[in-house]
Amino acid sequence: MASEMKTGLVLLILIGVSSALGSIIAPTTFYNLRGFQLLLFLLLLNMTLCVVRTLTGYIKQYNNRGAKQQYYPRKLGILLIHLGFIGILLGATLNVYYGQSTQIAILKGNQLDTADVITSKAPFMLQLDDFRVEFNPDGSPAQYYSDMTVLENGSIKEKGSISVNNPLQYKDIKFYQQDYGYVVKGKYPNDKGKEIEAQLAEGSILEIPGTKRVMKVLQYAPDFDPNRGLNQTTGRADNPRIIFSVSENNQLLEIGAARFNEKIDIDNNTAMYFIGVEPYTVLKVKSDPGLPLTFAGGLMFVWGLALTLLFKPVNVKPKGIMIG
Amino acid sequence: MATVFQVLIYTTLIAYAAGAVLYLAGSSSATRKGLLAASCLVVIGFISNLMALILRTIMVSRLPLSSSYEFILIFTCITVSFYLIYEFKTGEKGAGGVVLLIAAMLILSVVLMAQGQFGEVTPLMPALKSPWLTVHVLTAATAYACFALTAGLAARQLISNNPDITEENVYKIAGAGFTLLSLSIILGAIWAEQAWGSYWSWDPKEVWALITWIIYAVYLHLYRSSQLKSKTASILLLAGFALVLFTFFGVNYLLPGMHSYAGIMKGAAMKFS
């Protein structure tokens, strides 16, 4: 057996044993450890050597036999599997060093400047036109849609919808549906007694002029069930309520669940209303310059597998040549 | 329909278990009648297993690929069909006992853990709505079936002094399993890239599938370079199948991750723009 292969198998076993321990001891941090990544890098190096040596072996064989050289599709397959594996590892390495990934929330009607979250040569603006949830008959979510517009220098470049399993790609940046939520719209009097509107995130506190009492927006419950308290299940807006609390000097005075446009008396002189909700979407924003290489590697791997499955092994096993 | 489904599952369980007993008893006393009865029981078990899958397909109006027990039913069905093909082509019945025992235990786990879900029809969650689901799960189940068969053959080789099994056949089946497992991992990676924006996240299921992949890769390399003693080969194949089972049961119940489908719409750190 070639020494490269021996080393490669030892590396594979080391990677297997250490990642098994990692998945039990520290599943979130283990695989970022330098030591573990060194093992992966050594495997990449080892397999590159392996492929180079196999190729030079084939060339020598070809020169010795000349035109009588037999063509073994299975050997090509095994070579492709190893080359593909190298491609996957190289692509992943590029992603580790140059890839960027983050999560952002965009409120309906607002825009994201990609330059704020990802460094790229050609930043652009992404606008959330609408966020929709499609429901199954039993009320469980069927699909989440973020309708987006891509803008460059104020002009519309592309319109598209992002949903789970359907990311949006524009230039070198990809966007994935990850989560969503709602902000609550409230209406209350300002210090001159004039009614103003404000957007309130869940958990935010509202201090209304003219009263010592403060109002806190606890939760938007699309399908309110009084028995569930603050553990509402999210779902279709069959019975939408805003769960809120009113307090004064750190004393809780009231917890309520208001309908839209229902008058809430904060005290005898001050009242406010919740007038609606506005959805926001949470997207994963990613750029991975290694992805084309990883994809090409995966493709080579699959073609290699197909060749080895279709063609029987040959019994010629010269020393130092990749097994086949 | 749920009752019919339940009856089919019980029939499958009894047929597989009885078949396993007859195979195991037959291998020591070598009574031909017992072995013939065993083969008949396996065919009956296979047919009711297949019918259970067809019924489930009608119940949910899609291929039954989304829950653990549906996966086990597909896994056992393919395993037993592969065993029957193997027995038919080679005439060897030595692996029957262990393969059928594995199938019976798997069906037993379905009865013990998922009986309450037999009548349930829940819609697919958004992350599972992908054409990659079918190919990813089917290649995994077929790979696992190949590995179950090689485990049965390997066990037979270890137990028997004069095994009737051709090592080259075992190698070919393990090779096919390895190819399918590789495909399943790649298809899963493509799907994960589309659904979660990352083709590999060192999720416990991914890690243990990789470990399973590594042990079979080691076996194939050593076998092809003629470095492997028959006994070591059998032990590797049995260890490989133990890893398959851990990747399925252990990871599902002990090391939850993406594949428990809990982390798909988790709360995100809010940074409004």
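Every chain is numbered from 1, with letters handed out A, B, ... down the list of sequences.
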| message | For chain A, which candidate among B:Gly175, B:Ala176, B:Ser182, B:Ala189 shows the most heavy-atom pairs at distances under 4.5 Å? | response | B:Ser182
| note | Per-residue tally against chain B (heavy atom, under 4.5 Å) across A:Asn165, A:Leu309, A:Asp138 peaks at A:Asn165
| field | Shortest non-hydrogen contact between B:Gly197 and A:Lys284, atoms and distance | value | O-NZ, 3.4 Å
| field | chain A contact via B:Trp200 - which portion, at a heavy-atom distance below 4.5 Å | value | neither
| query | Can you pull out the residues in residues 10-22 of chain A with any heavy atom less than 4.5 Å from chain B? | reply | A:Leu12, A:Ile13, A:Ile15, A:Gly16, A:Ser19, A:Ala20
| said: Given heavy-atom pairs under 4.5 angstrom as the criterion, report whether the side chain, backbone, both or neither of A:Ala306 touches chain B. | reply: neither
| Do B:Trp202 and A:Asn32 come close enough that some side-chain heavy atom pair is under 4.5 Å? | no
| message | Give me the atom names and distance for the closest heavy-atom approach of B:Gln194 to A:Tyr176. | response | O-CD2, 3.5 Å
| remark: NZ (A:Lys6) and CG (B:Leu222) are apart, to the nearest 0.5 Å, by 10.0 Å
| field | Residue selection (most heavy-atom pairs with chain B, distance under 4.5 Å) from A:Thr294, A:Asn166, A:Asp288, A:Val302 | value | A:Thr294
| Rounded distance (nearest 0.5 Å) linking atom CG of A:Leu307 with atom OG1 of B:Thr179 | 11.0 Å
| remark: Scanning both residues in full, the closest heavy-atom pair of B:Trp208 with A:Ser23 reads NE1-OG, 2.8 Å
| request: Side chain from CB out, backbone as N, CA, C, O: work out which of these in B:Ile186 comes under 4.5 Å of a heavy atom of chain A, or both, or neither. | output: side chain
| message | Given 3.5 Å as the limit, does a donor-acceptor pair link the side chain of B:Lys129 with the main chain of A:Val164, or not? | response | no
| message | I need the minimum non-hydrogen distance between A:Pro141 and B:Pro126, along with the two atoms involved. | response | O-CD, 3.6 Å
| Hey, is CZ on A:Phe295 packed in by over 12 heavy atoms from elsewhere, all under 6.0 Å? | no
| Say you draw a straight line from CD1 of A:Ile81 to CZ of B:Phe178; how long is it, rounded to the nearest 0.5 Å? | 7.0 Å
| field | Gap separating the CD1 atom of A:Ile78 from the NE2 atom of B:His221, nearest 0.5 angstrom | value | 8.0 Å
